[in-house]
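Order of appearance sets the numbers: ligands from 1, and atoms from 1 within every ligand. Here the structure is a predicted model, which is why all the values come from computation and not from measurement.
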Amino acid sequence: MSPTRPGEPVVGVLALQGDVTEHELVLAGLGATTRRVRRPADLDAVDAIVLPGGESTTLGMLLDSSGLREPLHERLSAGMPALGTCAGMILLARELLDGRPDQVPLGAIDIVVRRNAFGRQRESFEADLAVRGIEGPPMHGVFIRAPVVEAVGPGVEVLAEVSYPGGGTRAVVCRQRRVTVCSFHPELSGDARLHGLLLADAARVSAGSD
Ligand code: GLN
């Protein structure tokens, strides 16, 4: 946990499993105040949340056993800004393809996500991506058993796509209102620009200007 400065948004990092520390380091690099979210009471102290990469089936079970699923769902429905990377994207989706039958996503962004969508050859790969609305050089995407977005609802902006092994392209960065998701791991390449979007969303909510 880093010290809280009055009036500054606190960014939670869901800390049940996955690459929590990597996200904390990126957020600390932006000067953000962070707090690990492990139980429902932790949510009361945060203004925004990061759902990290990891294993979405495990994360889903831990959401249930920690009691976090319902209160997290409520905060997201009430408009709390969120960033989900890889497994975090899977957790935030409306619908899953190739999920486990008992895997229920949180439905915070109107997208249909296919888990482990890249064939064996490309289970892990890296690609440079032009992300709409993100300034500067392309983002370096590290994809590890990554999901893709198969369908998006009317309120969702597709910010980046990659070419798909089966042909065509698929969305890998999407945003709806204050929820941003990506298939890859900006926290592993140390790219802070999507975290910057989250902080900007949180600052607007805290200032009452959004
Ligand atoms: N394939 C994993 C899942 O389904 C996600 C992998 C990741 O987060 N790197 O949860």
Show which atoms of ligand 1 fall inside a sub-4.0 Å distance from at least one heavy-atom site of Gly54. 2 (C), 5 (C), 6 (C), 7 (C), 8 (O), 10 (O)
Please work out whether any backbone atom (N, CA, C, O) or any side-chain heavy atom from C-beta onward of Arg145 is under 4.0 Å from ligand 1, and answer side chain, backbone, both or neither. both
Should you measure from each heavy atom of Gly53, which atoms of ligand 1 turn up under 4.0 Å away? 8 (O)
A student checking ligand 1 against Asn116 at a 4.0 Å heavy-atom cut-off should list atoms 1 (N), 2 (C), 4 (O)
Atom indices of ligand 1 within 4.0 angstrom of Ile90 heavy atoms, with elements: 3 (C), 4 (O), 10 (O)
Could you go through the salt bridge (Lys or Arg N to Asp or Glu O under 4.0 Å) check for Arg193 and Glu135 one step at a time? CA-CA 8 Å; Arg193 289 175 286 176; Glu135 307 214 330; over 6 Å; no
Does Cys86, backbone or side chain, put an N or O under 3.5 Å from an N or O of ligand 1? no
Consider side chain to side chain contact (heavy atoms under 4.5 Å, CB included). Of Thr85, Val13, Val142, which one does Glu187 pass it with? Thr85
Atoms of ligand 1 under 4.0 Å from any heavy atom of Arg115, numbered from 1 in the order shown, are 3 (C), 4 (O)
When you check the side-chain N and O atoms of Thr57 and Arg100, is any donor under 3.5 Å from an acceptor? no
Pairwise side-chain contact, Ile111 with Val181, heavy-atom cut-off 4.5 Å (strictly under): yes
Quick check: is Leu25 connected to Leu188 through a chain of hydrophobic side chains (ILVMFWY, heavy atoms under 4.5 Å apart)? no
